[in-house]
Amino acid sequence: MTRVHAFHGGVHPPENKRQSNGAPIRPAPIPPRLVLPLSQHIGAPAEPLVKVGDRVLKGQVIAEPIGRVSVSLHAPTSGTVTLIGPQPVPHASGMEANCIVIETDGQDEWIEHAGLEDYKSYTKSELINYIRNYGIAGMGGAGFPTDVKLHLGDDHIVNTLIINAAECEPYITADDLLIRERSDEILGGIEVIAHLLNPSHILIGIEDNKPQAIRALEDAVRGCHLNIDVVVVPTKYPSGGEKQLVKLLTGVEVPSGKIPADVGIVCQNVGTASAIYRAVHRGEPLISRIVTITGDAVDQRHNLDVLIGTQYSELLEASGVRRDDLYRLVMGGPMMGFTMKSDAVPVVKTTNCIIAATEEEMPPAPPALNCIRCGMCEQVCPAELLPQQLHWFAKGKEYDKAKHHNLFDCIECGACSYVCPSNIPLVQYYRNAKAEIRQEEAEKQKAEYARMRFEARQARLEQEKIEKELRRKARAEEAAKAQASKKDSAGAAKPAAAGGDVKTLKTAAAVARTKLKKAEKAFEQAKESGADNLAELEAAFNTAKQKADAAQQKLEQAEKGGTVAAAGAPDIKALKTAAAVARTKLKKAQSALKAAEEKGQDGIEQLRDTVKELEAKADAAQKAFDDAQAAPAPTAPVVDIKQLKTAAAVARTKLKQAEKALEKAQDSGEGDIAELEAKVKELEAKVDTTRKAFEEAEQGGSTPAKPAIDLAPLKEDMDKALAKVEKADAAAKAAEEKGLPTAEKMRAGVDKLRGKYEEAKKAYEDAEVQNAAAGGKPAIDLAPLKEDMDKALAKVEKADAAAKAAEEKGLPTAEKMRAGVDKLRGKYEEAKKAYEDAQAQNNAATPAVSAVNLDELKADMDAALAKVEKADAAAKNAEEKGLPTADKMRAGVDKLRGKYEEAKKTYEDAKAQGGAAVAAVAANLDELKADMEAALGKVQKADVAAKNAEEKGLPTAEKMRAGVEKLRGKYEEAKQAYVAAGGTVDADAKPDTVIVD
Amino acid sequence: MSAVLIAIIVLALLAVAFGLLLGYASVRFKVEGNPIVDQIDELLPQTQCGQCGHPGCRPYAEAIANGEAINKCPPGGQSTVDALADLLDIEAPTLDAEDAGDPVKAVAYIREDECIGCTKCIQACPVDAILGAAKQMHTVITSECTGCDLCVEPCPVDCIDMVPIETTLNTWKWDLPKPGVELIATDRGRGEAFEKGEAA
C-alpha cells in the first residue's frame, strides 16, 4: 500500500452525499430539444459543421475543433438542427453563447460506429487525435481537452499517473456511482491512458467515504496487469483538487505556476477514463455523462446518464421538482459551483451535479462583516496562501501585491469563505482580482503589440520615403546623363555619328543657305548700283556657294552614315512621309488642273504635264517606300534608300516649282512668266538641293557666337598664302633675272599661288562679313527663346504643383507625375540654356541692344518685385490666419522672389553692359534721371507717411518704415544707374537729407 | 608632521584612484537615452491616437519625461494616470478629458456597403489595422484595432463607426463584491432576507 501524505488546510463540510448515492444510475429521457454550446471547455470554441435544417444522427460530428486546445462536438441523439445561435449557457455570468440546437426525433438512431480493434497498433499521435476527434474533454470540472494532457508524455517524463476518484465536494455522487457500476470501463480507459503515457506507477485516489466504490475498484484492479494502486485518502475537502491529490498520494508539491506534469505526474478523472474507454473500444464519442440531481427541492435525488445538451428543466422535471420550494439552482457542488439564473441552461461535458436547493438548505449569504484578522482562512487554505492579505489587496486593487502573494495559485476552493466568521465572500474577491489582472495583462500585451505594429509602420514609411527619394534621384541623374550624352553627340563633329549630328549639320546647311541668299542679294544689289567692289562680292558669293555645297555634301554623308548606323529604319519612315507628301501634292496639282480646265486658262498643258510628272514621282516614291520596307537588308537598302530619298526630294522640289509656276500662270494667265521665273527657281533649286550646311571652313557658322574664333585660322591661311606668293614671286623674279628656263613655269606657279591667296583672303573677308552680319541676329531670336523658356517654366510649375497635390493625396499616379515633372524640368533647362546662350551672344555681340532693353528689363524687374511683395503680403496674411494654403503661398512667394532675382540679375548684367557702352546709354541719360527723381519723390513721400504713422502710433508704421527703406534702395539703384550712365547727381538731392532716422 | 603629510598623500591618491574609477565607469556603463521614457511608454495604452497632442505614445512619453502633464491620455483612463503618477512619484491629477469616466473600449467598424475605397482611413491608421486597396472595400482587422478613432475623421462618406467591444464569455469578469452592509452582529443571518423585507 502506498503511504498517504497530507496537504495543508482543508475543511470538513457536511457531505450530503447519502441523498443521491442510493439509487443506481438511470438513463435520463431523451428531451425534445438539445442545446449544445460550441464552447464546453477551456480553449477555442469549436466550428459548426452542420447547417440549420440538417438531420443529424447520434454520434455524428457537428462541430470540429479549432486550434490546439479544442475538441469536437457530436450529436447526442438523432434529430434535426433547428438553430445555430446564442442560447443561455451554464456560466456564472448568465450570458448567452453560440450553441447548436437539435430538435430530437426520439429514434435515437446511431451513426455507424465501431471502436478500434487493437488500439495498441496505432501510433500514439493517431490515437490521441482519435480521442480528440471523439470530443473527450476533462470531466472533472475545468473541461480541459484530454488530448492535450495525453500529449504531455511527448515532452515530459511521466512516471506517475493519478486517477482522480476523490470526489471531495459535498452532494456530488456521480463519480461514486460511475465507479460502482462501470469500474471495468474505467480500468479500460486507464489502460489506454497508460499505453499513451507509459507511467511506471498508477495511483487511483479515492476518499474513504465511498466504500462500495473502493471495493469495486479493488476488484477491478485485481485482475489487471498494470501497476495500479487504489489509494484511499481521508475525507477532507478539497482532496480532489489536482495539486492537493498529488500531494496526498505522492507527497510531491507541484511548484507555483507549474503543472503536475512538470514533476512527472499526470492526473485524469475517472469519468474521463470511462469516456476514453467508450471512445476507443466502442467508438462512442462523448455524448452523455452522469449527472447527480440532488437537493431538497427534488423528490428523487439520484444519478442520471444524461445526454449532453439536455436542459436542466428536463432533468428537474424527471426528478420531480417542487418549483415552489426551489430557491436556488446550483451547477456543481456547494463549495465551487455557480448559481444558475435560469433552468433553461443545458448540461455540458463538465456538469457533474445539479443542486435544486430550498431556502433552508442554502440560505442567502449573510452580510459580510469586517475582517477581524482571525487567521482562520490561512489555516484552511489548501494552497498555503494568505487569504486575508489577498483579500486586502483585492479590495484595495493592489493587484501587483496580490500577484506577489501568489494569487494565481488560489484554486478558488472556497474553504476560506466557508470558515470566515465575518462571512466575507473571499473567493469572489479573488476571482475579481484575477480577472482584473488578466485583463490588465491582456491590455498590456495588446498595447505592446500595437506599439510594435506602430513602430513597424513608421519604419516602413521611413523606408518608403528613402526609397522614393533614391528613385527620384536616380531618375534625375538618368535624365541629366541623357541630356549630357545628347549634348555630347551634338557637340562631336564625327560625320559617322547618327541623328543628333545630322541635325546639327542640317541647321548648319540651313544657315549656309541663308547666307548664300544674302550674299546673292548683296551681289545683285551691288550690280544694280554699280558698286566698285563688285568682284569682291562675287568672290564672296562664290565662296558662300562653295561652302554651302560642301556643307550639303557633308550632311549627305552624315545622313548616309546615320542610315547605316540606324539600319535604314528611320529612312523608311522618311520615305513613307515622302511618299505621302508626294501623294498629297499630286492630289493638289490634280485639283488645280481641274480648276484650270474649268476656267479654260492657258498653261493647262503645262499643268497637265506637271500632274503627270507628279504622278510618276508619287508612284516612284511609293514604290521606293514599299521596296525599302520590303527589303530591310542592312547594306542593300542603304544605297536604295539614299537614291529614293534623293528622288523624293527632287520630286518635292520640282513639285514646288510646278506649284509656283502654276500660281503665276493662274495669276497672270501667261505661260512665259513661268519660264522667266525658271531662272530664279533654278537658283532656288540649287539652294534647295544644297540646303545643308558646310562644316570645316565655317564650323561656327551654325552658331553666331563662333565666327570670331574662326577668323584667326582663316587669317593665318591667308597670311601663309601671301607669304608663299611672295616667296614664289621672289624666286620667279630671281629665275627671270638669271634667265633660267624654269622662270616661266615658276611664274605660272606664282600665279596659281596668288589665286590661292586671293581665295584665302576672300574666305577671310567673307567670314568677317558674316561675323558682322551674324551680330544682329541673336537679338531677334531672343524673344521666342524667352517665350519658350517661360512656357516651359510655367509647364514645369503646373506639373510640379499637380504632382505635389497628387503626392499629398497619396495617389498612385504621383510617381509618374513626378517623372513627368522631371522631364518637363529637363526641357525647361534646355530652353533656359538656349535662351541664356542666345542672351550671352546677344550681349557679347550687340551691346547696343541690351542698352535699349535696359528699360524693359528694369520694368520687368520692378514688376517682379511688386509681385513678390504682393505675394509675400498675401502669404503673411494667410499665415497669420493659419490658413492651410499658407505653405503653398510661401512656396509661391519664394518662386516669385527667384524670378525677381533673375530679372534683377538680367537687368544688372544689361546695365553693366550698358555702362560699357556709354555712348549708347547716354541717350537714356535723361530717362534715368527722371527715374531717379521719381524714386526720390516716392522716398520722400513714403517717408512723410511713415513718420506720420509713427507719430500716431499706428501698427502699420513698421511696415511703412520697411517700405521706405525699400524705396530708398530703389532710389539708390536709380541713382547708380544714372551715375553709371554718365549723369551727375546733385548733392542736395540726397535722400539722407530728407529722411530723419 | 610626516604623519599628516602621509595622510594627505594617501587621501589624495585614493581620491585620484576613485575619481579615475568613477570616470571610467561613467564612460563604460553610460546609459543610452532616458530609461524613464521607456517605462512611461510601457504604461501608455499605445493606441497612437494623438489625443494628447503628440504624434503617438512614445512622443508623449518623452514629453512626460520632460515635465509635461500626465493626465492627457483619455484612452488610458484614470488608471493610466494613476500608474504614471506612481511611477513618477507625483500626485495623481484627474484625467483631462471631456467624459472623465472609464474609457469605453471600442473598435472601428467600416459599414462595408458604404465604403468607396478611398484608402484615406488606411493611411490614417497608425497600426495598419485596416485592410483594403484603392476602389476596393476596406475592412478593419478587429484584433489589431486599438480604437484610436483616427480613421473616423478622414472618411469622406462617414462609414466608420466606433463600436464598443462587447463582453463575451471569455472577457467577462467577476465583479468585486459589493461592500457589505455594515450590520451589527445581532443582524447576522438576516442578510438578503432582511433587505428584502425592507424593500417590501
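Convention: sequence-line order gives letters A, B, ...; per-chain numbering from 1.
In this structure, the side chains of A/K403 and A/I437 come closer than 4.5 Å at one or more pairs of heavy atoms. In this structure, the side chains of A/E96 and A/V89 stay at 4.5 Å or more apart for every pair of heavy atoms.
With a 4.5 Å cut-off on non-hydrogen atoms, B/T47 does not touch chain A at all. Proximity to chain B (any heavy atom under 4.5 Å) is restricted, for A/Q439, to the side chain, taken from C-beta onward. Only the backbone of B/P55 comes within less than 4.5 Å of a heavy atom in chain A; its side chain stays farther off. With a 4.5 Å cut-off on non-hydrogen atoms, A/R460 touches chain B through its side chain but not through its backbone. With a 4.5 angstrom heavy-atom cutoff, B/T168 touches chain A only via backbone atoms. For a residue to count as touching a neighbouring chain, one of its non-hydrogen atoms must lie under 4.5 Å from one of that chain's; by this rule B/P45 touches chain A with the backbone only. Contact annotation for A/Y449: only side-chain heavy atoms (C-beta onward) come within less than 4.5 Å of a heavy atom of chain B. Neither the backbone nor the side chain of B/L43 has a heavy atom closer than 4.5 Å to any heavy atom of chain A. With a threshold of 4.5 angstrom between heavy atoms, B/C125 approaches chain A through N, CA, C or O but not through any side-chain atom. Heavy atoms closer than 4.5 Å to chain B are found nowhere in A/A442, neither backbone nor side chain. Residue A/P363 does not touch chain B at all, counting heavy-atom pairs closer than 4.5 Å.
One finds no salt bridge joining A/K444 and A/E448 here, because no Lys/Arg side-chain nitrogen approaches an Asp/Glu carboxylate oxygen to under 4.0 Å. Between A/K397 and A/E436, no side-chain nitrogen of the basic residue sits less than 4.0 Å from a carboxylate oxygen of the acidic one, so the salt-bridge criterion is not met. Salt bridge annotation for A/R328-A/E361: absent, with no cationic side-chain nitrogen under 4.0 angstrom from a carboxylate oxygen.
Using non-hydrogen atoms only and a strict 4.5 Å limit, no part of residues 3-21 of chain B faces chain A.
The aromatic rings of A/H405 and A/F393 sit tilted, their planes meeting at an angle between 30° and 60°.
Proximity of the aromatic rings of A/W392 and A/Y430 is defined here by a centroid distance below 6.0 angstrom, and this criterion is not met.
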For B/D158 and B/R111: C-alpha separation, side-chain torsions, deciding distance, then whether salt bridge (Lys or Arg N to Asp or Glu O under 4.0 Å) applies. CA-CA 9 Å; B/D158 283 334; B/R111 291 196 298 279; over 6 Å; no
Side chain to side chain donor-acceptor pair (under 3.5 Å) for B/E112 and B/T139? Distances and angles first, verdict last. CA-CA 7 Å; B/E112 288 162 359; B/T139 197; 2.6 Å; yes
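In terms of heavy-atom pairs under 4.5 Å with chain B, the best-connected choice from A/A435, A/A450, A/S93, A/A92 is A/S93. For the set B/K120, B/Q48, B/K173, the entry with the most heavy-atom pairs within less than 4.5 Å of chain A is B/Q48.
Residue A/E455 is tested with A/R451, A/R453, A/R457 for a side chain to side chain donor-acceptor pair (under 3.5 Å); the sole match is A/R451.
In the model, B/N71 has no side-chain atom that pairs as donor or acceptor with a side-chain atom of B/Q78 under 3.5 Å. Side-chain polar atoms of B/H54 and B/E62 form no donor-acceptor pair below 3.5 angstrom.
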